[in-house]
Amino acid sequence: MMEYNFRKIEQKWQKYWAENKIYKVEINDKPKFYVLDMFPYPSGAGLHVGHPLGYIASDIFSRYKRLCGFNVLHPMGYDAYGLPAEQYAIQTGQHPAVTTETNIKRYREQLDKIGFSFDWDREVRTCDPKYYKWTQWAFIQMFNSYYCNKYQQARPISELIEAFALHGTCGIDAACSKPLQFTAEEWNLKGEIQRQEILLNYRMAYLADTVVNWCAALGTVLANDEVSEGLSIRGGYPVEQKIMKQWCLRVSAYAQRLLNDLDKLDWSESLKETQRNWIGRSEGAEIKFHIESINTDLTVFTTRADTIFGATFMALAPENEHADKLTTEQQKQEVSQYIERTKRRTERERIADRSVTGAFTGSYATNPVNGEKIPIWISDYVLAGYGTGIIMAVPAHDSRDYAFAKHFNLPVIPLIEGCDVSAESFDAKEGIMINSGFLNGLTVTQAIEAAKQYIENNNLGKRKVNCRLRDAIFSRQRYWGEPFPVYYRQGMPYTIDEHKLPLELPDIDIFLPAETGEPPLGRAKNWQTDEGCPLELNTMPGFAGSSAYYLRYMDPHNDKELVSAEANKYWRNVDLYVGGTEHATGHLIYSRYWNKFLFDLGVTVEDEPFKKLINQGMIQGRSNFAYRIKGTNKFVSAGLKNQYDTTAIHVDVNIVKNDVLDIEKFKNWMPDFNNAQFILEDGKYICGYAVEKMSKSMYNVVNPDVIVESFGADTLRMYEMFLGPVEQSKPWDTNGIDGVHRFLRRFWSLFFDSDGNFNVSDEKASRQELKCLHKTIKKIQTDIENFSFNTSVSAFMICVNELMPLKCNKREILEPLTVILSPFAPHIAEEIWHLLGNQSSICNAAFPAYSEELLAEHTFEYPVSFNGKVRFKKELPLTFNAKQIEEATLADPATQKWTEGKTPRKIIVVTGKIINIVT
RNA sequence: GCCUUGGUGGUGGAAUUGGUAGACACGCGGGACUUAAAAUCCCGUGGGCAGUAAUGCCUGUGCGGGUUCAAGUCCCGCCCGAGGUACCA
């Protein structure tokens with residue numbers, strides 16, 4: 001019997017694929033299909049067995065689509081800029097470019113062993129100047145654009161300049177940082193610097209003083225999605241709020257479109273919901289409250305305009321610019337102390353300690369609907385960055401206002417009939433209004449509308465939609481990132497000439513910030529334009545390079561354009577995107593924004609980048625434990641550990657099989673255990689286990705290379721799919737892998753006779769064999785399309801289990817079977833495909849069609865007995881539904897016999913058994 | 001708190017979307033081959049009861065109700081887990 005020599009087979013075909021560029025794609029007249037994986041950041045640790053999960057799934061899908069006649073674009077590249085390489089550089093002095101290169105090489109080796117169908121000629125690296133030229137180019141386009149709210153579109157800033165010269169801000173409805181008003185005369189009188197300053201207020205990419213998340217440990221600012229609960233996502237260092245001059249992208253201008261277009265995407269509901277929450281649209285109103293003492297209006301934002309009669313105080317964020325002038329002489333000390341105190345607190349402390357604090361300014365505001373005077377307070381529960389940074393507080397119907405009012409003894413006025421506010425606020429938006437003047441008697445929903453109407457009619461404010469989504473902070477005080485194509489003249493930023501791109505990242509040898517406190521680029525020599533203007537010292541953040549990489553794959557070698565119109569028109573956008581859910585509020589928002597911006601410019605033909613998205617689950621580690629009896633070097637098997645006082649010790653999972661410890665290997669594993677003793681059960685040492693994160697320190701890392709070495713890439717691929725649904729997170733457990741490996745060996749053996757000769761006959765297949773094949777084709781096809789790969793693998797196993805006893809070696813059956821297996825196990829399929837006498841690669845084969853007729857066909861014998869349940873003499877069809885049976889049985893008068901005089905209305909039959917007869 | 005998901009044997013997981021619950025695989029038990037082991041192959045395997053037996057019966061998808069000839073699946077009310085998110089006014 002010829003052995004299934006997977007090592008030889010896999011090496012052979014991987015070489016063949018690479019040498020003949022089998023997976024190279026070009027534009028042709030076939031329909032296109034674009035399958036994309038989120039490209040990896042090549043970390044120093046290499047790939048563990050969890051990383052390729054998504055790549056395997058997308059590879060199966062790509063190969064399948066190719067068999068179905070699509071021209072499939074399936075590229076891969078590297079997200080090569082990033083913090084870890086730079087941190088490593090700071091510690092070792094090793095240039096990040098060097099470590100990145102090494103890591104990429106290692107990644108590539110590991111990936112190549114798994115047999116992917118990537119077109120490596122299209123590889124991109126974000127740190128490659130030929131690539132980041134287009135990241136910089138896009139930035140320049142953003143700098144030179146503004147967002148027109150009227151057309152809901154980005155437009156050239158030159159339009160705005162023209163308009164200013166003709167009409168000033170009159171008639172302009174543009175997204176901006178701060179509303180401005182000036183006339184054409186005023187504009188025309190302004191100097192260059194003033195004009196540039198004004199334009200920054202409108203540019204899509206702009207420089208501004210903003211409150212940023214400053215991470216001192218990393219020495220850089222972070223975007224909102226890079227921070228969680230006051231700590232940096234990378235490293236978990238504390239983050240504080242600070243005002244700094246930073247480059248920002250006006251992502252918020254696109255909030256509404258980003259929200260609306262979610263509806264047309266084929267993404268999971270939970271992911272769309274996460275994005276909706278992140279965008280955080282809320283409809284409400286801005287209402288002006290007059291402050292007599294300083295003769296100004298303060299504007300608050302509220303979604304509950306209906307509760308305005310219950311506003312018993314007003315509160316400002318401590319950072320609010322009006323805080324100072326509102327504070328009376330007597331209150332000055334208290335207020336400034338309070339503001340100082342909140343300033344010192346980090347974001348994290350604020351989250352940890354939510355006790356009610358605040359200070360009274362001494363001033364009063366006038367409630368515009370009833371003329372009441374209400375005190376103005378300052379409190380850190382009001383956020384500077386949301387709404388106007390000022391709220392009208394309605395303690396009766398907002399729990400935070402309620403807590404504040406109770407603490408400082410401020411009045412609580414209930415506004416909804418029958419609600420009890422003695423112990424807590426009534427936050428629900430239901431009930432009938434009371435104590436509310438003209439709103440009395442209305443329901444809350446009606447009152448919200450009526451109040452907004454009233455406010456607008458009386459010029460007390462206006463309707464307003466607010467979003468939580470803020471502009472993206474785009475500067476990083478780091479070295480290992482894209483340089484900004486920006487220089488400064490008289491302190492104002494200008495972009496360099498597009499034709500001079502890329503602006504290459506200069507070499508430096510120390511990667512710490514410069515002594516002057518400037519970012520690392522401050523150390524670069526001659527970091528200036530030819531005219532001697534200083535260049536920007538910040539670099540771009542990680543998401544810059546990953547925001548449009550899917551476009552670059554369409555036309556990766558084009559040095560004239562990001563992507564040619566021809567390539568873009570053909571490939572359009574990504575049909576299937578596979579990646580982790582951790583990018584929900586980062587990359588997946590920025591990419592959508594970036595794409596929409598390029599769409600507005602006419603660079604892309606589709607306004608959404610990723611049509612369908614699959615989030616693959618994480619593969620966790622499955623750790624094993626040995627139990628050492630305290631104070632000894634004696635280990636007790638898991639089943640007996642309760643009889644002793646033990647400590648659990650992580651054991652390397654690679655020396656454990658089916659939770660049975662290999663004692664010899666264990667003794668050699670670490671010097672400490674050389675003379676360890678063991679208390680066994682049934683002659684074995686059984687380990688305990690737990691599901692944890694896959695990490696070196698838990699000794700539960702399984703390396704794909706090791707699996708490929710001992711079982712082969714095809715087994716690895718199929719086993720990863722067999723483990724469970726792709727979307728689901730699950731622990732890796734090497735134990736079950738034998739089953740899949742056994743399947744491949746059985747499949748292999750179908751093609752060989754007992755003497756080990758390749759033996760496939762051209763005989764006609766039997767009906768049974770054909771049924772088995774067609775059933776499998778149908779199942780595999782629907783499963784792949786539903787991304788249900790675990791059940792696909794089962795279907796193959798069932799098929800082989802059925803064919804084995806029949807000793808089926810017929811080409812008519814086995815050849816199509818090989819084709820449908822090829823997306824899953826491409827190496828073995830390719831080998832057999834060639835053994836069958838085919839010349840070109842199996843990926844050029846066609847996915848076989850199944851015959852619905854063959855599967856639907858069924859023959860009946862009438863029941864032999866009936867007493868509640870009926871059995872049929874003969875085997876019934878493989879699949880049919882109740883409806884088919886109902887029709888079939890009723891069509892024959894013989895069926896009426898068994899119901900003793902009554903005519904059956906409905907006969908329900910399930911896979912050969914009558915379940916019920918309704919008369 | 002809110003949003004999104006899940007809850008099925010010893011384990012990973014199936015179930016044509018309302019139709020024999022537990023496919024397939026692991027593990028376990030038994031057997032064949034072998035001097036032996038590995039590999040391979042065959043049989044059994046949710047729980048319980050009855051029977052020499054083929055087999056039959058009861059019970060069973062987190063808990064409690066409901067709709068239906070029929071519920072893991074639909075409806076109402078709970079419990080638990082996972083993920084996201086939050087002084088967002």
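Every chain is numbered from 1, with letters handed out A, B, ... down the list of sequences. Atom set for the values below is all heavy atoms of this structure, side chains included, hydrogens, waters and symmetry mates excluded.
- Across the protein-nucleic acid pair, Asn735(A) atom CG and A25(B) atom C1' stand 12 Å apart, rounded to whole Å.
- Note on Ser794(A): a base of the nucleic acid sits closer than 4.0 angstrom, heavy atoms only.
- In this structure, CD1 of Ile391(A) is placed 10 Å from P of C88(B), rounded to the nearest angstrom.
- Comparing G64(B) with G83(B), their P atoms are spaced 28 Å from each other, to the whole Å.
- In this model, a donor atom of one side chain and an acceptor atom of the other lie less than 3.5 Å apart for Asp471(A) and Ser252(A).
- The side chain of Tyr381(A) places no N or O atom within less than 4.0 Å of a non-bridging phosphate oxygen (OP1 or OP2) of A89(B).
- A salt bridge is absent between Lys807(A) and Asp753(A): the closest approach of a Lys/Arg side-chain nitrogen to an acidic carboxylate oxygen does not fall below 4.0 angstrom.
- Contact between the side-chain N/O atoms of Thr581(A) and the OP1/OP2 oxygens of G83(B) is not found at any separation under 4.0 Å.
- Ranked by how close their nearest RNA chain B nucleotide is to the 5' end, Met392(A) and Ser729(A) are led by Ser729(A).
- Atom C1' of C28(B) sits at a distance of 11 Å from the matching atom of U11(B), rounded to the whole Å.
- Summarising the geometry, the separation between CD on Glu269(A) and C1' on U4(B) is reported as 9 Å, rounded to the nearest angstrom.
- One can place CG of Asp398(A) at 15 Å from P of C2(B), the figure rounded to the nearest angstrom.
- Atoms CG (Asp738(A)) and C1' (U40(B)) sit 13 Å apart, rounded to a whole Å.
- Remark: Lys429(A) pairs with no residue by the salt bridge (charged side-chain N to carboxylate O under 4.0 Å, His left out) rule, at least two apart or across chains.
- Within 4.0 Å (heavy atoms only), Pro725(A) reaches sugar-phosphate atoms of the nucleic acid but no base atom.
- Contacts of Asp401(A) with the nucleic acid, taken as non-hydrogen atoms under 4.0 Å apart, are absent.
- Taking the ring axis of Tyr381(A) as reference, the NZ or CZ atom of Arg400(A) does not stay both within 45° of it and closer than 6.0 Å to the ring centre.
- Checked against side-chain hydrogen bond (donor to acceptor under 3.5 Å, both in side chains), His587(A) has the following partners two or more places apart in sequence or in another chain: Tyr577(A).
- In this structure, Arg622(A) atom CZ and G13(B) atom C1' are separated by 15 Å, rounded to whole Å.
- If you take atom P in G13(B) and the same atom in C78(B), they sit 29 Å apart, rounded to whole Å.
- Residue whose closest nucleotide on RNA chain B sits further toward the 5' end, between Leu723(A) and Asp783(A): Leu723(A).
- Under 4.0 Å is where a charged nitrogen must lie from a carboxylate oxygen, and between Asp263(A) and Arg276(A) at least one such pair does.
- In terms of phosphate contacts, Asn277(A) brings no side-chain nitrogen or oxygen within less than 4.0 Å of OP1 or OP2 of C2(B).
- Rounded to the nearest Å, the gap between the C1' atom of U4(B) and that of A86(B) is 15 Å.
- Between the side chains of Tyr338(A) and Thr357(A), a donor-acceptor pair is found at a separation under 3.5 Å.
- When only modelled atom types and interatomic distance are considered, Ser794(A) and Thr791(A) share no side-chain donor-acceptor pair under 3.5 Å.
- U85(B) and A70(B) have their C1' atoms separated by 42 Å, with the value rounded to a whole Å.
- Side-chain nitrogen and oxygen atoms of Arg742(A) include at least one within less than 4.0 Å of the OP1 or OP2 phosphate oxygen of C26(B).
- For U17(B), the glycosidic angle deviates from 0 by 90° or less, giving a syn base.
- Using a distance-only test at 3.5 Å, with no hydrogens or angles considered, no donor-acceptor pair links the side chain of Lys288(A) to the main chain of Glu286(A).
- Within the nucleic acid shown, Arg304(A) comes within 4.0 Å of sugar-phosphate atoms alone, with no base atom in reach, counting heavy atoms only.
- Residue Asn801(A) places at least one side-chain N or O closer than 4.0 Å to OP1 or OP2 of A25(B).
- Taking atom CG of residue Asp306(A) and atom P of nucleotide A89(B), one finds them 13 Å apart after rounding to whole Å.
- If you take atom P in C80(B) and the same atom in C63(B), they sit 15 Å apart, rounded to whole Å.
- For Arg745(A), taking side-chain heavy atoms from C-beta onward, the closest of the listed nucleotides G13(B), U4(B), A39(B) is A39(B).
- The same atom, P, is picked in U20(B) and in A71(B); the two are 11 Å apart, to the nearest Å.
- Base orientation of G9(B): syn (glycosidic angle within 90° of 0).
- To the nearest whole angstrom, the two P atoms, one in G77(B) and one in C3(B), are 13 Å apart.
- Between Gln728(A) atom CD and U4(B) atom P the separation is 20 Å, expressed in whole Å.
- Consecutive Watson-Crick or G-U pairs involving RNA chain B, each under 3.5 Å on both distances, make up stems of three or more pairs at B:1-7 with B:79-85, B:10-12 with B:24-26, B:27-32 with B:40-45, B:46-50 with B:55-59, B:62-66 with B:74-78.
- Between the side chains of Ser282(A) and Tyr386(A), at least one donor N or O sits under 3.5 Å from an acceptor N or O.
- Comparing atom distances between the Phe722(A) side chain and each of G12(B), C87(B), A89(B) picks out G12(B) as nearest.
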